[in-house]
Each structure stands twice: as structure tokens, then as C-alpha cells.
Colleague: 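I am attaching a structure below and will ask some questions about it afterwards.
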Amino acid sequence: MLRRHSLSWMALLVAMTLALAACGGDEGAEDASDGGDDDSAEADEEPANEGEDDAEGDGGGDDSAEGDTAGDWEPSSNVTVTVPFNPGGGADTSQRTWNEYAEPLIPVSLNVENREGAGGVTGWTQMINEGSTDGHHIAIATPPFNVLPKVMDPEAVPYEHEDFTYICIYGVVPGVLYVPEDSEYEELDDFITAAEDNPGGLSVAVAGQAGAEALLTYMLMNETGVEVTMVPFDGGSESVAALRGGTTDAMFASTNFIEEQEGEIRPLAIARASDEDPEYPDVPSFNELGYDIVQERYRALAGPPEIDEAAVQYWADICQQVVENEEFRQAMRDTGNPPPGSFIGPDESTERVMDMVSDIETVVEEFDIQGD
Amino acid sequence: MWEGMLEGMRGVLTLESLWVLLAGTAAGAAIGALPGLSAVSAVALLLPFTFGMEPAHGLIMLASVYTSAQYGGSIPAILINTPGTSGAAATTIDGYPMTLKGEAQEALYLQLFAGVVGGTIGALILIFFTPTLAAWSLLMGPAEYFWLAVAGLAMVASLAGKDILKGLIGAGLGVFLTVPGQDLITGRTRFTFDYHHLIGGIEIVPALLGFFAVASVIGLVERGDESVAPLTPRPGVIRYVLKRMGRMKALLAYTGVLGTLVGAIPGAGASVSAFVAYSESKRVSKKNRSQFGKGAWEGVAGPESANNGVVGGSIVPLLGLGLPGSGSAAVMFGALTVHGIIPGPRMFEDRADIAYTFMLGVLATIPIMLVVGLLTVRWSSLVVRAPLRYMVPVILSLAVMGTYSFRQNTFDVGVLIAVGLIGYLLAKVGIPPIATALGLVLGTLIEHNLQRSVIVAGTRDMGLWQFFFSRPIAIGFIIVAAFVLLSGIRQVIREHSDEDKSDAEDEEERGAEASSERSQE
């Protein structure tokens, strides 16, 4: 008898899935709204807030007439947020965290579109070339990863550095040099001395093909004059596995492993730009130790090249509120993506990225790692 | 640990958990069964739903999606020679021939029960052996990965049937397809023709779909039959399948463990473990060996047990090392970090309740998957009776949709069609597309790890072979690779000589007949 009605059972199961999905979605939105309401700037946003709880549940664009906010522009339909990487990864998690704290502040929903490919180039190309310019399409950009491919292989990458309209930088992730917990190198100088005595004999795991960590390694060699050998892996986790398994002596990776792999690997130095009130105060910076090595990865919000100026202003304001929200800051820290000390808006973001581009171009030229 | 288990059981046996398990299993099986939407896509698709849930429930849901996606993916593999997930690729080799013989229902039940066995083994190993297995997996370095992949490629020898040369050519072609893209060491792009889509290389999902779905659809059209296959439903089929499976107990256990172990190796993946299991199944099935490729039951049971064992195995590095070892595990990793939980052994101190609920949830998925499976076999097998003039466009549309949904990229669809045509032509020449698929799956592993081995050997002032032989596990894999290649060659020689022998017998008979005819005259 069970079998005869098997089709109905299947329909029932599918219906339950949908029901569960609906419940799951609502819970998340409620939590987010509560967090947002407490901390967001009062005066401007109060009227718009009332429309939100309804908007969250249906996911529909709510054209609240109460939108008398500071700027002239406001999204009137759901906004697409392109994440050019797979779900669950660092960039994806950062953007979803940002979305969680931004949604209570706006009258519509933020829809993440994961468009993975070619190390992010596919998703960025699509946003730049096809994204609507009315402010309803934004993306996460993660310099240096969106500028490196262009520097290395300008013919193959169909966008220019100037095509990104940077809105803000909401995460600053410096590179870190790690060694295994039981490594003989207690301090950075131990490592450098050992490299001096053994040119090319020390191996450093780096993630990705000629990526950010590779550049960092070149910078290290340039600044200290020692020679180490890079061993490229497919990602941060693979590098950690290689380090812990004894394949390499050290590794360059981003900051999330400081907490995630505590007790198994430890950081020797961090490549942050400023030592004023830093995240991870226990980790000395290369600067503090006497080496001018800075490399920070950014979690940035960006729009297509022709995006409306009013929209940029709007998103920058939202971004500022999110970045100054203490709960958001803690959430970002928990995922290993610390927020910047103070808000970095459109102009400063663009400046920082352009500086980064010229730094990269210098290193690439010096070490002659240009692509074909 | 036992208190943790009790906690975990309490966490799993709540109404909400069971609800989540049911939903996840149904969704996962459905998504996995759609060609082009892999197990990772299934898990990733449902990730956002978990953000509003309790972390433990979110994880259980993802685990059940992953498990049932591996199960669901094999359904189209068996029925229409189109794997729904890459872990089902090896199931097509004997599963589809079973369908063609009218045994579609037997194949589906076999696949379900084998998956139950493998999944249970994987979950149990996860629960009891995570720390040891995790520590062991750390020992895998570039040398070990390289030789493991080479051993995998050597299995082509057993897959290719009589013509090893063609099989090796096919595998070589598959490896060559992994060349376009960025070089690991220099970052320079190869064969991209300034086409930015090729910077990341040819993606596996569209390529595999092309080989299987598109190529076999062309074959179906060529055959001009009315439907895919006859369906001769057998009364008491479940009991029949279970009885025959009783003779395969050892094989099921062996391939289940194999699948779990390979799954625990970061980066190996379900397809690798399924192929390894297939090759091993063929090697140890002395009686039935000649039937492999024509619908041997062991050829379905082995890979299916393995690809469900992979689920438990791939969670081992996540909980034991704090490192995601596969795409799906990476999604689960994200599900944890979003809740502010740091995955890894520390979970057993800080949030043991979540860790144990998760692990027991993986085990709890199995009976639910069994129920869902039992309900679907009947009507899904009817697909093979559907007229081809409906099936062909449906399969093609599913393949195209699945490919596009992977990352919304029309280039991938182009790859799908191009590879499909290539696969069809290769099959015409006698090069089994499965060999090319294997090369494609293993190519990057082989190249990257050889490159890394060279670099690391250099830092230790060793020659490459010196480096390989300095690592005991690598030596083990070298031996396995040599063994697999040799036994594959031996099988082929035996098959040839069996042929010669039977040819000779036929000649004798004819000679005897001729002489008896003469004597009668």
C-alpha cells in the first residue's frame, strides 16, 4: 500500500522541505532585524524600519513611502549582490555577514548570486559588463584578487582596474606568516636567519597560482634579501594541511587561521599597514619588527563603472552604519575578517586600491612574473 | 565520549531534527538526481536556509543533503547513463547495461542498499575513528597524492576491456583536457586563447555531463529504438536483490571502507573513490570478472557503497583538523563559521553537543534515505519505458540547465556540447569515454602534485625519485599503482587467451564435425 501512494509521499516530503525553508528564512530575518534596529543610526532610518519586518518575510520589494532618508536615492526592488566565489568560502561568508547587518537598514532584500569562475574574474566581468547601473547591482570585490589577474594577463581579462566603482572597504585582512606550533622558529628573525644559512632550502606554502601570497613572498625576499622557495597549493586549507603535515616549513595565508588553527600553527608576523589599535595585537607586524612589508586583502563593496552617483552615496552610508555596528565588527572578527579601524569610503577605497595596483605592478616587473 | 554521544542522541532525536533530516534527504535526492547539479551544488543551494537554524540542525540538514545527493545522483546514471553527481560516474559502467537488459529496478534497489551499507560504514568510522583518521590524512603530501592519482589512472587498464592501448589514449586525452588554464607555478595561462573563461580551465561538471549525457543521447538517437530499454518488473524484486547482495557482503564492506578512507583524503573526492572502488570490485570478483561492463552486479554495488562512504569520510578532516577536505565540507565549514563556531577538534571541547549531534545526524540520515529510496524506485524506473522522442529532449534540456545552473556561464554549455561530440566520436573509434572522464578527473591532481613534489624535493636537496622513495606511504601507493597496472594487463592477457582457447575449441569442433560428416558419407 505504501508503494501505491509513493507519489503522494514524495509530494508530501517536498512540501515539508518548502515549509522548513520558509521557517528557516523567517527566523534568520527576525534575528537580523533585531540586531540592526538596536544599533543603527536613529533619526534617518526610523521611518523606513517599520516596513522591514514584512519585507523580510516575503522577500518582496516594499516601496515604503516613508523613505525620507538623508539621500535622494533608495533601492525600489531587490538588489543583486554578486559573490564571484563559492558559498561557504571567505569572501562569501564576509559578504553574507555584511548583508545580514545591512538588510534591516534598507527597504528591500539583498540577493546573493554566487558566480564562481576563473578566480573571481567571471563574476566580476559579469557585474561590470552586465550589471544594472541604477544601484540595484553591487558585488564584493577582494583586492588584490580582482586586480592581480589583470596585471598578470591583461589580454585575457575583459575589464580595467577603473571599471570597479568602489563604495567602501569593510574588511581588512593582512597576510600572515605561519609556522607549525612546534617549529624551531620562535620569532621572525629565527626564520630569516635560517633562510640566510640555507638559500632556497626553506619552503613556504602559498595558496593559489601566483596570487596574493606569492606576491607577499616576493616582497619578503625583496625586503630581507633572503631566498625561500614557494610551494603553491589550491587554497588556504590545503596550505594548512601541507604545513601541519611537514611538507613545508612555513606558510603565508590570511588571518582566519590565527584563531581557527590555534594550537596547531602559530603566526610569526602579520603584514598590516597600521599598528594603531590593531586586531590581533599579540601578533607582531613586519613593520614593528623592522621590515617594510605590507599586504592587506580587502573585503570591498563595488558597483559597475557607470553606477549612479546617488546610489554610490546611498550604499556608502549604509556601509558606514554597518561597519560602525559593534555586533557586525565582532561577527567579522569571528570569521577571521577583521573590519577596518575607521570607515573607509568610496574615495579612500579607490585610492587604496590604486596604490595597491602600482605596488603590485612594481613587484611583478622586478621579479619578471608577467604572464604572456 | 559516551556522554557526548548521549548528548548527541538527544539532539538528533528531537522533532525538529527529524523534520530537518526528512527535508534535507528529500531535497538532496531530488537535486542530486538532476544531471548537472552536483552534490556540492545541492549542499550549497541549501546553505542559506541553515543560517536561521540552530547550528546543529543546520549541519544535520547539510549532511543529509550531501548523503542523499550521492544516492540520488546514481539514479540517472543507471537509468539514462547520465550521472547526476560526479560520484555516480563509475556506476554508469555496469548500471546502464543492467537497465538495457531490463534490470533497471534490480539496479536501483541494489544501488540503494549498497549506499545504505556504505553510508553506515562511513558514519560509524566518522563517529569512532575521526582523530586517528584525521592524523593519518595529514601524512598525505604531494608525493602521496601524485602516486594515488597515478594508481587511479592505472585503473584504466582494468576499465578499458580488451584494448588497453585505446583506454590509455583515452585517459591521456582526458588528462590533456586539464591543460588549458593557469599553470600552478608560474601563473601563466596556457591555451586560453585570450578567452577569460578558460583561465580556470575546463570545468569538470560540464565536461562529465558532456561525456555522459550528450554522448549517450546521441547514441540513443542513433539506435532508433522506441524507448531507452525494456523494463521487466520482477515480482519479489526486493527480496531477490537482498538475496544476491548477501553473497557480496565482503565486497560491500570493503568498498564502503575504501570510500570512507579516500573521502577522508582532502581533495580526493567522490568520483575518485567510486572509480577506485569499481576497479577493486573488478579485481576481487574472480568469478564474475568477464561480466564487468556488461551489467555485473558487483560493478554497481562497489562504487555505490564507496560513494556513500565518502560522505562520512569527507567530514573527518572537518571535525578532526578544522579543515574542509571537499567542496561540500567547505560549505559545511561556512555554515559553522557563520554561527561563530570554529570547526575542528576544539568543537569537542567548546561545543561538543553540536559535534556529536552532527556526527549522529550523519548516521541518522541513512534510514531516512532508505525510506525515501524505497518510495522512489518504482516510479523512477518507469522512465526507461518512456518513448525516446520525449526522453531525448528532456535529457538534453536537463543537461543544459544543470550545466548553466552550475555557475550561470554559457561558456560551460559550449563545453558541454563540444565535449559531448568528442565523447561520441571517441566511442565510435572504440575509445571508452569513461577512460577520458577518468583522465579529466585525475589530471589536475597528477600535474599539480608532480610539480609540488619537484619543488619540495629541491628544497631538501633530493632528486625526485629519492624524494618519492623517502616517504613510506608514497612507496605504498607506487606499489599499488604498479600492482593495478600489472593485474589489469594480466586480466587482458587472460581474456585474450580465453578467446584464443575458445577459438581453438571451435576449430576443433568444426574439424570433428567435418571429419564425422566425411565418415558418414
Side-chain angles (χ1 to χ4, degrees), chain A residues 2-3 6-7 9-10 13-14 16-17 20-21 24-28 31 86-89 92-93 96-97 114-119 121-122 125 149 152-153 155-158 200-203 209-210 229 231-232 234 237-238 240-242 244-245 247-248 259-261 331 334-335 369 371-372, chain B residues 19-20 22-23 26-27 30 44 47-53 138-142 182-189 192 194-197 199-200 266-267 321-324 327 330-335 337-338 340 342-344 372 375-376 378-379 407-409 448 452 455-456 458-461:
Chain A
L2 204 69
R3 271 186 229 143
S6 60
L7 200 56
W9 281 108
M10 284 308 293
L13 283 172
V14 174
M16 288 207 297
T17 319
L20 190 79
D26 282 347
E27 260 180 72
D31 291 345
N86 279 328
D92 179 73
T93 313
R96 288 182 193 273
T97 311
N114 292 88
R115 263 174 201 258
E116 183 266 338
V121 172
T122 305
T125 305
M152 297 289 292
D153 208 340
E155 309 295 317
V157 175
L202 291 192
S203 50
Q209 287 98 317
T229 307
V231 187
D234 297 320
S237 309
E238 286 82 357
V240 174
R244 287 176 63 177
T247 302
T248 63
E259 262 203 63
E260 282 172 23
Q261 293 285 323
D334 287 342
T335 61
I369 42 187
D372 286 317
Chain B
W19 181 267
V20 156
L22 264 168
L47 174 69
F49 295 136
T50 67
F51 292 150
M53 295 181 202
L138 272 183
L139 296 173
M140 296 282 297
Q182 250 187 325
D183 175 64
L184 178 69
I185 313 297
T186 61
R188 292 177 199 215
T189 48
T192 55
D194 285 341
Y195 206 17
H196 77 94
H197 289 292
I199 294 182
L321 299 174
L323 296 171
V331 179
M332 295 183 212
F333 191 92
T337 50
V338 145
I342 298 180
V372 170
L375 293 172
T376 52
R378 265 279 161 116
W379 56 267
R407 43 181 194 157
Q408 288 95 55
N409 198 332
H448 287 182
R452 286 177 198 135
I455 296 178
V456 173
T459 64
R460 301 183 190 180
D461 284 328

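Naming: A, B, ... by sequence-line order, numbering from 1 per chain.
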Colleague: So which of A:Thr97, A:Val231, A:Thr247 has the biggest tally of heavy-atom pairs under 4.5 Å with chain B?
Modeller: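 Of the options given, most contacts go to A:Thr247.
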Colleague: Using 0.5 Å steps for rounding, measure from the CG atom of B:Leu47 to the CG atom of A:Asn114.
Modeller: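 Here the rounded value is 9.0 Å.
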Colleague: Which answer fits B:Leu321, side chain, backbone, both or neither, if we ask what part of it has an atom under 4.5 Å from a heavy atom of chain A?
Modeller: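 When you check distances to chain A, atoms from both the backbone and side chain of B:Leu321 fall under 4.5 Å.
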Colleague: Is it the side chain or the backbone of A:Glu238 that comes within 4.5 Å of chain B heavy atoms, both, or neither?
Modeller: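 Neither part; nothing is under 4.5 Å.
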Colleague: When heavy-atom pairs shorter than 4.5 Å are enumerated against chain A, which of B:Met332, B:Arg452, B:Met140 gives the highest number?
Modeller: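 Most heavy-atom pairs under 4.5 Å with chain A: B:Arg452.
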Colleague: With a 4.5 angstrom heavy-atom cut-off, could you sort out which part of B:Pro324 is near chain A: side chain, backbone, both or neither?
Modeller: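 For B:Pro324, backbone and side chain are both near chain A.
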Colleague: Side chain, backbone, both or neither: which part of B:Leu138 has a heavy atom under 4.5 Å from chain A?
Modeller: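 Both the backbone and the side chain of B:Leu138 come within 4.5 Å of chain A.
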Colleague: Select, from A:Ala241, A:Pro149, A:Ser237, A:Ala331, the one with the greatest count of heavy-atom pairs under 4.5 Å involving chain B.
Modeller: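 Of the options given, most contacts go to A:Ser237.
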Colleague: Looking at every non-hydrogen atom in both residues, tell me the closest pair between A:Gly200 and B:Thr459 and how far apart they are.
Modeller: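 So the minimum-distance heavy-atom pair works out to O-CG2, 3.6 Å.
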Colleague: Identify which of A:Gly245, A:Gly201, A:Ala242, A:Ser203 forms the greatest number of heavy-atom pairs closer than 4.5 Å to chain B.
Modeller: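 Of the options given, most contacts go to A:Gly201.
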